[in-house]
Structure formats: C-alpha cells, structure tokens
Amino acid sequence: MSEISKAYEPQSVEEKWYAYWLEQKCFVADAHSRKPAYSIVIPPPNVTGVLTLGHVLNNTIQDILARWARMKGHEVLWLPGTDHAGIATQAVVEKALRKEGLMKHREDLGREKFLEKVWAWKEKHGGIIIEQLKKLGASCDWTRERFTMDPNYSRCVQSVFVELYKKGLIYRGKRMVNWDPSARTALSDEEVEMVEEQGSLWHLKYPLAGEDGFVVVATTRPETMLGDEAVAVNPNDPRHAHLHGKKVMLPLVNKQIPIITDELVDPKFGTGCVKVTPAHDPADYEMSQLHHLPLTVVIGPGGAMTEAAGADFAGLDRMEARKLVVEKLEALGLVLKVEKYVHRVGYSERTHVPIEPYLSEQWFLRYPSVDKAVSAVETGQIKFHPERWAKVYSHWMSGLKDWCISRQLWWGHRVPVWMFLWKGPVASGSADSQQVLIDLPYLTKDQNLQIAGQVFRPGGKGGEIFVGIAVQPGHPEIEQLLEKHGGKQDPDVLDTWFSSWLWPFATMGWPDKTDTLQKFYPTTDLVTGPDIIFFWVARMIMAGFEFMGAEPFRNVYFTGIIRDKQGRKMSKSLGNSPDPLDLITKFGADALRFGVMRSAPLGQDILYDEQQVELGRNFCNKLWNACRFRQLHPGDVQAEIDPKLLTIDDRWILLKLDAAIRELDAAFAGYKFSDATAALYRFFWSEYCDWYVEAAKAILQGTDAARRANTLAVIDFVLSHTLRLFHPFLPFITEELWHGMGYAKDMPDGQGGKTIMFAPWPKPLDEDIKRHYGLLHETLDTIAGRQKLVIEIRNIRALYKIPANKKLNIVYNAPADINPEEKRVIELLAGAEPMVHRTAHEPAKGEPVVHPDFGGKFFIPLAGLVDAQAEKARLAKELQKVEAEIQKAEAKLANPNFADKAPPEVLQEHRQRLADWQAKRAQLRASLDELA
RNA sequence: GGGCGAUUAGCGCAGCGGUAGCGCAGCAGCUUUACACGCUGUUGGUCGGGGGUUCGAAUCCCUCAUCGCCCACCA
C-alpha cells in the first residue's frame, strides 16, 4: 500500500493515468471482439475550436456512458473527430489574415493560396480541442480519430452528392436564398436567426401615372423601392378596384410600373397596397414569377447598392441607401408617415449581419428517406431523451423545404461537379446557345468514362452538366484531362452539415463494409445539444436510412444549454464562459465533471456556478480521505467477510450499498446523471462517512483483532465497490485509489487488474448473499432508531451549550438488545463517556431524558448544568410539533371518506403514524410532569 | 400567430397523487488522531395567482401571470 497525501492533488494523478490508459490501449475498440457492441460518435467540435463548458457537459456525459458500458462488459467504441466548420473556420482565418495585412479580401490571395493558409491554420490550431478533451478524461478511441476533410471522408461526401444527384434529389436552380452579405455566401434557412427588432414602417406615396392621385404603400425597407417593379393589391379589395390596370410612377427612379392584383396581398394590413420588389423579397419574387415582372437587382452580393439602383445610390451600403432614399422622398413630400414598428429581421447566425434575400444559382437537396426518418422517431426505433424533443423533430420534418447546400466559400468540400462548354454534337435536347453546358463529349447516357481507375458517369437531363467524383489530390492527370475538354469545376463548396450528416458511418469507413462499421453501426447513443436538432440530428437520421438502410443511433440524449448565473447563454462574445482548462487546473478534472453532472438534470438548462465545481473538488477530497482512513489501519486484512462477525452497522452499510447500486442503475437507465451523482453523493458522504465510518471506529479502536479485521474487510468491500460506482464520473481519482488501495491486485488482468476501467460494474446484492450476511430490512429501522437517539442527545448538548469536545455522562435503563459494541457506537457518535446501565435511575429534577424508538430511557445528568426551565422549554417545543402532527393525522383519519376510499396500506400507514406520534406525546408529557 | 419549457427556503435545484427534501449561503458550537476541501447542531417554504378533479394535490386538469427557448415569407 502506498502512502497517501493528506489532500487530493489532481494534477499529477490525472496526467499519469491518462498516459497509462493510452499506453495500455484501453480506449481502442476491437471490431472483432465477442463482447456486445456499444458505440457513440462524438459530435465533432470545430477543428479550430476551444473547449467550452458546453463541450465539458456533452463529453462528460459521453465519457460516463462509455466507461459505464465498458465496465458492464461491452466492447466500446467512442469515436472522436473534428469538423472543418466551413464558414466559421474560414471567417476566423480571413480575419487573422486581414489583421496580418496579408489580404483585404480572399480574392487577393486566390483560392489556392488562401486554402494553403487555412490548412496551415488548421495544422497549427486544429487539435487543441482534442488535447483539451484528453485533459477532461475523455476515453475516445483516438486511433480512429476523423476529420470531415480527411481524404476518405471527402470521398464519402462526394459519392453521396453523386448518388443523390443521380437519384434526382440534388438539383441546381436559380432561387431566392438567404444571403450573408458579410461572408458573401448563401445560407440554409436554419442558419438564419430571426431577431425581433424595433424598426420603422414607412408609408410612401407613389403618384399615379398620367392622372392625379397616388397610392400609399408601406415598407420596412425603403431602399428596396429602387428595385420595385409593381404595386400589388388584393383583387377582392373594393377600395382599390379603381386602380386595377393602372400604373404608378416610381419615384426617384422615374419609371412606370404596373398595379397588379394578387391574392397574397392582405387587405387588412396597412393600406392594402404592397410595393413589389421581385429581386429582394421572397414573397415578391414569387409574385413576380406569376406576373412576369422583370428582376431589377439593386443590392449586390456585398450588401452595397448596384448600378441599377441609379447613380445617386450605386456603391452605397444598403443601410446608408435607406437613409438617403427616405431623405429624398421626404424632400419630394412623398413620405406620408413613419410608424414605429416591431418586426423580425433575419440575421446570419455566423456573421450577425442582416440577411439579404438574394437571387442566385445554388445547389439544392430534396431530403431523402423522410418518411422513414419520421416514423423511426414516432415509433421509438430512435428514442429521444427527454421525449418532448420528438415533437419538435416531427414538426420540423413535416415542413421540410429543400436544403440549399452550396456555399460561396473556399474552405470545404468542393462541389464535385464539372461543367463543360459545348464542343461537339449534342446527344439529346436542344442547344441553341453557344454557352450550353453539356456532358463530357462523346459520352452517351449509358457510357461511363474511366479515367485513372475512377468511373465518371454522365448526369443531368439532356446533358446539362456532368457530376462525378471530384479529382483527388494525387491525380493531376484527371484534372488535366477534364480541363482539356474545357471542363471547369463548380467553384462552390458544400454546406458543412452536408458532410456532418454522414458522420455516424463516414467515420467508420463507409462505403466500404469495414469491420468497424459492421460491429458498431448503428451506434447506441448520441449526446448532443437540442440547438442542432435540425442542423444535425434530423439530417443524420435521414442519411442513415438513405445510405445505410438503418437508423444511425438508437438513443439521442439532448443536454441542456449551459447558462451563466444571470441565465444568459455562454458565449465567447459575452465573455461569460469560464475556461474549463482553468477550472481543471484549479479543481481537477474529476471535480469539474462531478460539479457539472450534479447540476445537469435531464433536459433542463444549466445555470453554471463555480460553487458546483468546488463541491466536486470537496467531494473528491472526501473520497480521498475516506480511503486514507482505511490506509491508516494496515494489516489485519482478510479477504473474506465473516458473516458471524458482522455488526449491525456492517449489515446496514451493506444494505445501503445495495440500495445505492440499484439507484444508480435506475438513474443510468433513464439517463438521469444528476440523480446518479446525487445518489452517490448521499450514499458515500452521509451514509458511509458520516455514520458507518464513525461507527466502525468503535471496532477499530477496540482490541478484538478478528473483529477489527472483519470490519476492515467490510470497509474494503464497500470501498472497492464504491470506487467502481464512481469511476464513470470520476475516472482519475478512482483509478489512483483503485491501485493505491491495492484492489487492482485482487483482480484478473482484463477485469480490473490493470485498470479500474474494466473492473466489473457492481451488481445489486442477490438474495443469497443477503441471507448469507444476514441483511434484513429491519436493520435499516434499527439503525434509523439509533440515529435518532444520537441526534437527540446531540441536540441536548447543543441546547445546554456543552462544547462538542466535552464528553457527556449518560445513564440508561434497559434497552432491549444492545450489546457492548453497539453501546460503544452510540457513545462514540454521541460524544459520551461509557454509558452506565442502571435499572433504577432517579433523575434529578429537570434532567434531560431521551426515549429511543427501541425502548428504555437515556438520562443525561448534567451536574451543575441542569436548567429545569430550559429543559421544559425544549420539551414544550417538541410537544408542540408532535401535537400538530397528531392533529393532522387525526383529522385525516376522522374523515369517513378517507377510511372508505383510501387503500388499506395507506390507511394502515396513517394509523401507525398516529400511534407513533401519540407514543411520543405520552413520553414528552411524562417528562414534563416529572419537571413540574 | 403557433408550440415547448420553467416558476418549490436568500441562491441553485430534487421531488411529480399519500408525513415538503438536497447542496450552497446564514446562525451556534467544535484543532473529536481520514478530511476546516472538515465535524456537530440549527433558522428559513400557505411549493407563482385563481379555479377544478380527488378521501387526499407541490404532484393531475383548466385558467391567468412572469421569465426563457423554438417554429412561422404579412409588406
């Protein structure tokens, strides 16, 4: 047994054991194992990200699940990796490069140079978060670490694109998309955050063309009027019937635009007249398609006004243009009024600038396997925890719109599409333009083109474009060949989520049927935040069914969101997120894990408070010292517990251990980790340390060697179980103690001998063992009675202000079955001299007396301290409480309906309760009488 | 406009149909040889308001209020 320091010092311990686990390959999953599989894929953090408390929460839960599963005998794969996080990473690198003065816009560097810089950045900053996860104790299989832009992974992304294209689910189209003018790229609907804002509603007057009068339109975006192509009214609105077929003169632009009618216009809103800006509003765009209106683009991709906006405005930022437009219209007397108006404005989730509806050519995906994905969650094939998220999921799935998957970025998977200019005869369809995009020359629809062993298939209807596997690095000949035919690869990259949605199987080597894939897919659990239920979870489910024919995971655990004390979301910009690494340094990884888990009930948001971590630290120290206490009693160890020598306290703690194991299993079954930590905390601190260890001292300080040894055997039994129960939560300290206490020695190699990681998970004690040890339910009541006695004595001590270090003299009479050892326990815990047994004790007037549940009386003679008044007051107060309880119980039992309708066991319970209180009252009254 | 969640002791939370609990903080005492990152005792609550169901409600139902999320193209 090694010597143990007085306080737990996490730093060296954590480093040592993590290195050991890696060296022993404890985290490596064996795809050929005969054990049942358990698998989790990590939600891949951004490759250049740093660890946040959210990650701590998320990954601690995964680690707990993984470690628990290992101990339960599963072959565990926890597959880690990182995400290239297209737009986020590119934005970070762009900012850094601009700061270094290396470029103003990425075009200055050019695609190739820029990508070099991003890769360099990734090499330098990527993987920081991986090292941080290791500090947290994450037991990921690092030999299988993946990155979404690994060559193999990229191939998966490309072949998925091709496959979906061939199925007709991916198409290219000119559409109104969410445009981020700062990043200059399209975004998906999910990447737009609607923010309620106090804005203005301008009522503008548009003069009628060729006659007097005007129409009034209302708008929140006056700058778009420069691109107006119509004014629309509802055809059934009688107020505007006279306007049908007329035209208005668009101010500032001075062109005539028609007044059209459309059902979409709500007559009840504003004036019932709407300005129509086809190129800058999704609804207006739709309307314009129907009415064949021209598209005038007045806002460019960078958010500045275009030439088409007119000389006065061209080049102005959209917000400045708004001001100027209003100014000019006011000067013309065309602003009727301005109202305060609360409305919702779409912001880019990434760059936080207002989104611009923008017309551009993009790639879209019609979601595959939607029905299967919906029913999987509805039928429980995939279970959500907490369940309520299933509703949110279904709701989103029922309103799916096509997914805009192309991004005008450089960092990411480039769209695997090559476009070719017309060079020869067109196989089918018509091509009257010189700029028609067609298939590879010479290819008919049924032919494949094989270049360097890769198959290229023609795609598209009538040969518009060619979709194929993009050229991999190391195959310049393909690229050359394609270029020779005049091909050009689509410059766009794919949405990051278009790669992450393949994560559960692409990381396992798909499309090859690898051993890993066969053993570990579908994965068991997914642990993630509800904020990415649409971005990621839903899409993974669809991809799983589409490409694997099976659900990607069986359970999804949605964590809460970590907030600060004010309830604000943790964020970098607010600076309210503490650095978990600092917390680990200060308190230890185990403490951080424990603190976070303790405050993380299933599905609730978590208000972060450093006190929780401190509590974790304190708990680790308690565990440490409880083991240290055992270490201070060397020798005398016998492996086997002798049932004949068990004290009532021994039996009690074994029963409590059994209960704790059951509680823990129940908590795990329901993914209730805060329940689990609470149960462990209570068991170990309140039951084991506060009562059992103190009681055990009665034996350990005694002279009977055999009994001492037996007590140590019980302690070892409880501690070795406890350490295992704690291991998923507190991996480091439990490993250290497992070895330090010598428990590892007693175990076979693969089952706890080398590491606690594979020690068997404690099972509840079965009936045979309970009988063998004489563990009876009554034991719990007996000890509860003793505990009450001890507390009452302590109360009296406090009442009379007797210092805790002064021993009490106690005289007792005739408790039924109290042997010398048990008497010692009471003496120790109550802080008493050896109690004197006296059948006929004549108490002094006012001498405190306690009536324990198990019968007899305990007198506390307080020579010189007796204060009849104080004792009277104490008893009176007690009596008051008891009377109140009796009244409640009597009232209930007096209700005839209660006796009639309540179940008999409840009735019985109430009667018993009343009897107990009445007995207590009798005792108190007797004591008061003695005082009188 | 729809949907979801929260509201329990000063603070953070548990309990989800039968005596209101835990941790911090507070108060009183203690160098009791595992631990002051500790020990002992203790003060705090008509469980957001109102109504209902029930013998019985913090717990189930309705309603209101406050806070927080998510979804929704009304200019």
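A, B, ... follow the sequence lines: proteins, then strands. Residue 1 opens every chain.
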Roughly how far apart are A/Leu592 CG and A/Leu53 CG, rounded to 0.5 Å?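 Spacing of CG (A/Leu592) from CG (A/Leu53) equals 6.5 Å.
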Which residues share a salt bridge (charged side-chain N to carboxylate O under 4.0 Å, His left out) with [X], sequence neighbours left out:
| X | answer |
| --- | --- |
| A/Lys697 | A/Glu694 |
| A/Arg911 | none |
| A/Glu687 | A/Lys656, A/Arg682 |

Calculate the interatomic distance between [X] atom [atom1] and [N] atom [atom2]; express it in whole Å.
| X | N | atom1 | atom2 | result |
| --- | --- | --- | --- | --- |
| A/Phe534 | B/A72 | CZ | C1' | 12 Å |
| A/Trp389 | B/C71 | CH2 | C1' | 12 Å |
| A/Asn895 | B/G56 | CG | C1' | 8 Å |
| A/Glu905 | B/G56 | CD | P | 18 Å |
| A/Tyr688 | B/A34 | OH | P | 12 Å |
| A/Ile533 | B/C71 | CD1 | P | 11 Å |
| A/Trp685 | B/A34 | CH2 | C1' | 12 Å |
| A/Asn897 | B/A57 | CG | C1' | 16 Å |

Write out the stems for RNA chain B, ordered by first number and formatted as range with range, counting runs of at least 3 consecutive Watson-Crick or G-U wobble pairs under 3.5 Å.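 The stems that RNA chain B takes part in, listed by first number, are B:1-7 with B:65-71, B:10-13 with B:21-24, B:26-30 with B:38-42, B:48-52 with B:60-64.
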Interface with RNA chain B, restricted to residues 613-620 of chain A and to heavy atoms under 4.0 Å: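 Only A/Leu615, A/Arg617, A/Asn618 qualify.
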Of all of residues 392-401 of chain A, which get a heavy atom below 4.0 angstrom from RNA chain B, listed by number?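 Nucleic-acid contacts, sorted: A/His395, A/Lys401.
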Which protein N or O atoms sit under 3.5 Å from an N or O of nucleotides 25-33 of chain B?
from: B/U31; atom 1: OP1; to: A/Asn805; atom 2: ND2; distance (Å): 3.2

Under 3.5 Å between N/O atoms: give me all the protein pairs with nucleotides 8-10 of chain B, atom names plus distance.
none

Indicate yes or no for a side-chain donor-acceptor contact from A/His280 to the backbone of A/Val298 under 3.5 Å, with no hydrogens or angles considered.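 At least one qualifying donor-acceptor pair exists.
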Can you find a pair of side-chain heavy atoms, one from A/Asn234 and one from A/Asp262, that are under 4.5 Å apart?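 Side-chain contact under 4.5 Å: no.
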Within a strict 4.5 Å, meaning less than it, do heavy atoms of the A/Ile533 and A/Thr528 side chains meet?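 Not touching, per the 4.5 Å side-chain cut-off.
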Between [M] and [N], how far apart are the [atom1] atoms? Round to whole Å, please.
| N | M | atom1 | result |
| --- | --- | --- | --- |
| B/C67 | B/G29 | P | 44 Å |
| B/U8 | B/G45 | C1' | 7 Å |
| B/C35 | B/G48 | C1' | 42 Å |
| B/G56 | B/G18 | C1' | 7 Å |
| B/G26 | B/G10 | P | 15 Å |

Identify each donor-acceptor pair in which a side-chain atom of residues 894-908 of chain A lies under 3.5 Å from a protein atom, sequence neighbours left out, and give them as a table.
from: A/Asn895; atom 1: OD1; to: A/Asn897; atom 2: N; distance (Å): 2.9

When we call it a touch if two heavy atoms are under 4.0 Å apart, what does [X] touch: a base, just sugar-phosphate, or nothing?
| X | value |
| --- | --- |
| A/Arg344 | base |
| A/Val217 | nothing |
| A/Lys391 | sugar-phosphate |
| A/Asp690 | sugar-phosphate |
| A/Trp202 | nothing |
| A/Asp900 | nothing |

Applying side chain to side chain contact (heavy atoms under 4.5 Å, CB included), name anything that partners A/Tyr358, two or more places apart in sequence or on another chain.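 Result, side chain to side chain contact (heavy atoms under 4.5 Å, CB included) vs A/Tyr358: A/Trp179, A/Pro301, A/Ser360.
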Any residue meeting side chain to side chain contact (heavy atoms under 4.5 Å, CB included) with A/Ser394, in chain and number order, not counting sequence neighbours: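 Partners of A/Ser394 by the side chain to side chain contact (heavy atoms under 4.5 Å, CB included) criterion, ordered by chain and then number, come out as A/Glu378.
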In this structure, is the centre-to-centre distance between the rings of A/Phe558 and A/Tyr393 below 6.0 Å?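 So the answer is no for these two rings.
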Heavy-atom neighbours of A/Gln887 CD exceed 12 at 6.0 Å: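 No, the 6.0 Å shell around CD holds no more than 12 heavy atoms from other groups.
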More than 12 heavy atoms of other groups within 6.0 Å of A/Glu387 CD: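 Open: at most 12 neighbouring heavy atoms sit under 6.0 Å from CD of A/Glu387.
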Looking at A/Tyr341, I'd like to know whether one of its side-chain N or O atoms comes within less than 4.0 Å of OP1 or OP2 on B/A75.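 Yes, such a contact exists.
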Would you please test A/Gln912 and A/Asp916 for side-chain hydrogen bond (donor to acceptor under 3.5 Å, both in side chains) and show each step? CA-CA 6 Å; A/Gln912 183 61 50; A/Asp916 290 348; 2.9 Å; yes
Presence of salt bridge, A/Lys920 and A/Glu792, under 4.0 angstrom: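 Looking at A/Glu792 and A/Lys920, the cut-off is met.
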Tell me whether A/Glu885 is salt-bridged to A/Arg921, with the criterion being a basic N under 4.0 Å from an acidic carboxylate O.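 Looking at A/Glu885 and A/Arg921, the cut-off is not met.
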Do A/Arg539 and A/Trp403 meet the cation-pi criteria used here (NZ or CZ under 6.0 Å from the six-membered ring centre, within 45° of the axis)?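 Yes, a cation-pi geometry holds between A/Arg539 and A/Trp403.
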Taking the nucleotide of RNA chain B with the nearest heavy atom to each, does A/Cys689 or A/Glu190 sit closer to the 5' end?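 Here A/Cys689 is the residue nearer the 5' end.
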Considering heavy-atom distances to RNA chain B, does A/Gly272 or A/Gln701 have its closest nucleotide positioned more toward the 5' end?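 The residue mapped nearer the 5' terminus is A/Gln701.
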At a cut-off of 3.5 Å, list every protein nitrogen or oxygen paired with a nitrogen or oxygen from nucleotides 15-20 of chain B, distance to 0.1 Å.
from: B/U19; atom 1: OP2; to: A/Arg913; atom 2: NH2; distance (Å): 3.1

Does B/G38 sit syn or anti, given that only angles within 90° of 0 count as syn?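 Anti.
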